[in-house]
Number of protein chains: 2
Amino acid sequence: MFEGKKGTMNKQSKTFTNRQTVTAQDVADKAGVSRASVSRTFTSNGSIAPETREKVMRAASELGYQVNFLAQGLNRKRSQLIGVVVARLSDPFRSSLLESLLTEIHEKGYQALVTEVKNQEQLEETIRQFTQYRVSGVVVTSGQPPTELVSECVQHNIPVVGINRHMDLPYVDFVCSDNKMGAELALAQLLQSKCRALGWLNYKGSTWAGVNRGKTYRRLVESKQPEFGLTLSDLTAFEDGYEGGRAAAHDYCLSLKTGSVSKLDGIFCANAQLACGFLDGMRECGFEAPKEFHLIGFDDTQITAQYSYRLTTIRQNTSAMASQAIACLEARGADANSAQRIEMIPVSLVCRHTSPMND
Amino acid sequence: MFEGKKGTMNKQSKTFTNRQTVTAQDVADKAGVSRASVSRTFTSNGSIAPETREKVMRAASELGYQVNFLAQGLNRKRSQLIGVVVARLSDPFRSSLLESLLTEIHEKGYQALVTEVKNQEQLEETIRQFTQYRVSGVVVTSGQPPTELVSECVQHNIPVVGINRHMDLPYVDFVCSDNKMGAELALAQLLQSKCRALGWLNYKGSTWAGVNRGKTYRRLVESKQPEFGLTLSDLTAFEDGYEGGRAAAHDYCLSLKTGSVSKLDGIFCANAQLACGFLDGMRECGFEAPKEFHLIGFDDTQITAQYSYRLTTIRQNTSAMASQAIACLEARGADANSAQRIEMIPVSLVCRHTSPMND
DNA sequence: TCATTCAATGAACACGTGTTCATTGATTTG
DNA sequence: CAAATCAATGAACACGTGTTCATTGAATGA
């Protein structure tokens with residue numbers, strides 16, 4: 001009797017002083033079972049009688065019990081967090097990719113630890129902090145992580161996947177839009193529109209994806225050269241994004257006037273931002289697409305669909321990329337030694353005004 | 001001798017089997033001090049002799065020791081995580097705000113737990129998961145968290161701050177762009193341009209911020225009405241974002257033709273996406289700004305600066321908003337009972353082509 | 001010289017969970 | 001009916017850290 005009362009007192013005083021933390025032990029007490037049974041109820045790991053589970057569930061919901069993820073992660077040596085490295089969210093494609101990643105991550109029951117990196121050393125610090133939170137995986141959408149750091153992750157048994165970004169390390173998986181397919185779609189469209197004097201526009205300090213797209217496109221054009229008599233000129237932007245594309249257009253028009261380059265009739269851009277800038281820059285110089293040249297961009301962001309641009313683009317399937325990326329992480333989490341996966345995600349051509357559909 | 005060898009064996013076998021986890025105890029062993037001293041070295045909490053600290057630091061760096069944040073958080077009952085609720089990152093303003101938040105969060109030594117919410121129940125689940133990770137604070141940039149959920153956070157001693165979003169709950173702080181100042185700047189600009197027939201464009205199911213901007217603007221216009229003889233008409237978009245604005249323009253032009261409305265000469269939009277859409281919609285109908293009407297938007301996103309739009313806008317200072325938001329969280333984390341803070345962040349007018357600067 | 005103060009240190013506890021291991025009781029098999 | 005299997009359960013340990021508390025030794029004051 002006395003002990004019972006004392007217990008009650010303790011219980012009450014406890015619920016008063018730190019009401020914020022109701023632990024599995026409290027649930028166990030209330031349900032009249034052991035704490036282990038509570039744990040089993042929520043992890044569905046061991047075996048447990050249905051009626052016991054029922055009792056526990058009722059007690060838990062009455063007390064408002066929630067599992068402490070920190071304790072859970074500490075015990076399991078792994079949290080339900082996934083680290084995501086992003087950069088330059090001002091690029092609509094980047095934020096769109098992030099959006100797809102967040103959706104996928106939550107759907108699979110994880111939480112996203114998002115970091116924006118501006119330079120190399122930040123990236124190192126970031127990944128190190130990811131490991132300190134014992135993340136279940138790391139998605140790199142930007143930046144080039146140093147080799148030793150990534151292998152440190154591998155040693156810690158943390159899966160790493162790169163999106164549109166090749167890291168040639170064993171055990172590091174890789175999800176990428178099919179740039180070859182993109183090049184084929186773009187070239188087919190331009191050829192069908194009778195374009196022969198082709199141009200490729202990219203930022204000078206472009207990402208791996210941009211460089212790869214350029215290489216792939218050039219290779220393809222050269223293979224078709226004999227058949228169609230093509231030329232391919234490089235247009236270089238010295239700044240990234242919209243303003244870079246616009247300036248490149250100005251440069252190009254100037255060169256046209258001085259006659260140092262010949263006129264191009266089909267231009268392919270490494271990304272949508274560059275393409276929109278280029279389109280506007282050409283307008284400022286009095287050239288309009290598709291009348292005077294055809295223009296195709298990469299990334300199908302919202303802005304490309306807008307009336308003032310209506311850009312023909314190669315559309316990347318961000319949700320497919322996101323879902324493949326998380327699938328890679330889970331697969332490698334299950335078997336760290338599985339073969340390196342390289343997932344090519346199909347792209348599609350979206351025909352709009354700057355290079356319209358031919359009949 | 002035998003024991004020593006056995007100890008070494010254990011050590012080695014340990015470093016081999018789970019090399020991934022080097023704990024504070026390992027550092028302590030190597031440095032010849034107690035584990036408590038290692039903890040003190042890294043928390044700078046208790047007092048410790050400089051030479052001891054030095055020894056520990058050396059051992060730690062040689063072993064590559066890193067604090068386990070999960071264990072740390074479990075012990076401190078609080079992690080270094082900050083939960084961020086976002087939505088619709090396809091809106092450039094949202095992603096820009098998120099970017100500023102990420103920067104600020106990392107600068108202050110936290111990590112960001114980012115969740116995108118699509119509906120109300122997701123929001124509930126999300127915030128619940130935040131509490132399970134014992135976050136140091138929650139930033140809500142979207143959605144309207146249910147009252148009881150927020151007060152649950154407050155009970156758990158988790159600070160909550162809303163950005164551009166009022167939750168009239170005690171202990172919940174609030175950072176907001178100064179909509180009154182925005183209204184004043186916009187109206188002054190339009191008045192100076194001799195606009196008298198004013199319009200206000202907003203999405204029908206707008207956010208709190210949009211509604212508030214509308215109310216504030218209307219109040220201001222009404223107060224100036226006697227002096228200038230103003231009229232203010234509501235234009236309603238039935239869809240959000242760019243397409244909503246565009247459709248609203250079409251509707252408006254149609255009404256103009258049928259004569260059911262009179263012509264407006266100065267239009268103010270609740271956000272930049274709507275404004276760009278409206279501008280394009282008017283173009284399609286043959287009306288151009290600023291020749292036939294003046295147009296001002298809210299949010300100064302990258303797209304508004306582009307050549308095809310050059311939209312005059314009210315610029316929100318996202319980095320100031322972010323830094324104030326985190327400051328609120330820290331202040332309330334230190335003193336949970338402090339008075340509710342309401343931080344108004346000044347905005348500024350960016351004059352561009354759709355309502356140019358007057359001389 | 002002795003009493004006092006104080007910085008520095010290590011042992012021990014707490015944080016809240018997952019999981020192993022032995023035990024128990026019921027059910028099935030021969 | 002006896003033996004064997006098996007699901008269900010609770011006690012105990014482990015995860016890696018921060019922090020309190022007592023102890024120690026040196027430095028300071030009278």
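By convention in this document, chain letters (A, B, ...) are assigned in the order of the sequence lines, proteins followed by strands, and residues within each chain are numbered from 1. Worth knowing before you read on, the calculation uses all heavy atoms, side chains too, and leaves out hydrogens, waters and symmetry mates. Worth saying up front: this structure is predicted, and the values here are computed from it rather than measured.
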Classify the side chain of A/R134 versus the base of D/dG16 as yes if they form a donor-acceptor pair under 3.5 Å and no if they do not.
-> no
In whole angstrom, what separates A/I48's CD1 from D/dG10's C1'?
-> 12 Å
May I ask you to decide if A/L169's main-chain N or O and A/Q340's side chain share a donor-acceptor pair within less than 3.5 Å?
-> yes
Closest-nucleotide ordering on DNA chain D, the 5'-leading residue of B/V67 and B/R40 = B/V67
Sugar-phosphate, base or nothing in reach of B/A24, heavy atoms under 4.0 Å | sugar-phosphate
Please report, rounded to the nearest Å, how far the C1' atom of D/dA12 is from the CZ atom of A/R35.
-> 10 Å
Determine: side-chain N/O of B/T52 to OP1/OP2 of C/dT9, distance under 4.0 Å, yes or no.
-> yes
Would you mind classifying the nucleic acid contact of B/Q132 as base, sugar-phosphate or nothing, using non-hydrogen atoms under 4.0 angstrom?
-> nothing
Take atom CD of B/Q25 and atom P of C/dA12, then tell me their distance rounded to the nearest Å.
-> 13 Å
List the steps and the verdict of side chain to side chain donor-acceptor pair (under 3.5 Å) for B/E152 and B/T131.
-> CA-CA 9 Å; B/E152 198 177 309; B/T131 70; 5.3 Å; no
Contact class for B/L74 vs. all strands (heavy atom < 4.0 Å): base, sugar-phosphate, or nothing?
-> base
Indicate, with a heavy-atom threshold strictly under 4.0 Å, whether A/E51 touches base, sugar-phosphate, or nothing.
-> nothing
Check whether any side-chain nitrogen or oxygen of A/K77 sits under 4.0 Å from OP1 or OP2 of C/dG18, and answer yes or no.
-> no
Verify the neighbour count for atom OH of A/Y171: are there more than 12 heavy atoms of other residues, nucleotides or ligands below 6.0 Å?
-> no
Rounded off to whole Å, could you give me the CG-to-P distance for the B/N68 and D/dA14 pair?
-> 17 Å
Per atom distances to the A/A71 side chain, the nearest of D/dG18, C/dG16, C/dA8 is C/dG16
Quick one: do the A/Q80 and B/Y133 side chains pair a donor with an acceptor below 3.5 Å?
-> no
Whole-Å distance, A/Q66 CD to C/dT17 P, equals 11 Å
According to a strict under-4.0 Å criterion, is B/T23 in side-chain N/O contact with OP1 or OP2 of D/dT17?
-> yes
Could you state the atom-to-atom distance from OH of A/Y133 to P of D/dG16 in whole Å?
-> 17 Å
Within the structure shown, what part of the strands sits under 4.0 Å from A/V33 by heavy-atom distance: base, sugar-phosphate, or nothing?
-> sugar-phosphate
Using atom types as modelled and distance alone, determine if a side-chain donor or acceptor of A/S79 lies under 3.5 Å from a backbone N or O of A/G73.
-> no
Does the side chain of A/Q72 come under 3.5 Å of the side chain of A/N68 through a donor N or O and an acceptor N or O?
-> no
Does A/Y65 put a side-chain nitrogen or oxygen below 4.0 Å from OP1 or OP2 of C/dT17?
-> yes
Just how far, in rounded Å, is P of D/dG16 from CZ of A/R78?
-> 13 Å
May I ask you to evaluate whether B/S37 reaches the phosphate of C/dG10, defined as a side-chain N or O under 4.0 Å from OP1 or OP2?
-> yes
Starting from C1' on D/dG18, measure out to CG on B/L70 and report it in whole angstrom.
-> 15 Å
Report yes if a side-chain nitrogen or oxygen of B/S34 is closer than 4.0 Å to either non-bridging phosphate oxygen (OP1 or OP2) of C/dT9; otherwise report no.
-> no
Please tell me which of the listed nucleotides, C/dT17, D/dG18, C/dA8, lies nearest to the side chain of B/P50?
-> C/dA8
For A/S39 and B/N75, take the nucleotide of DNA chain C holding the closest heavy atom to each; which residue's nucleotide lies nearer the 5' end?
-> B/N75
Of the nucleotides C/dC13, C/dA8, D/dA11, which has the atom closest to the B/S47 side chain?
-> C/dA8
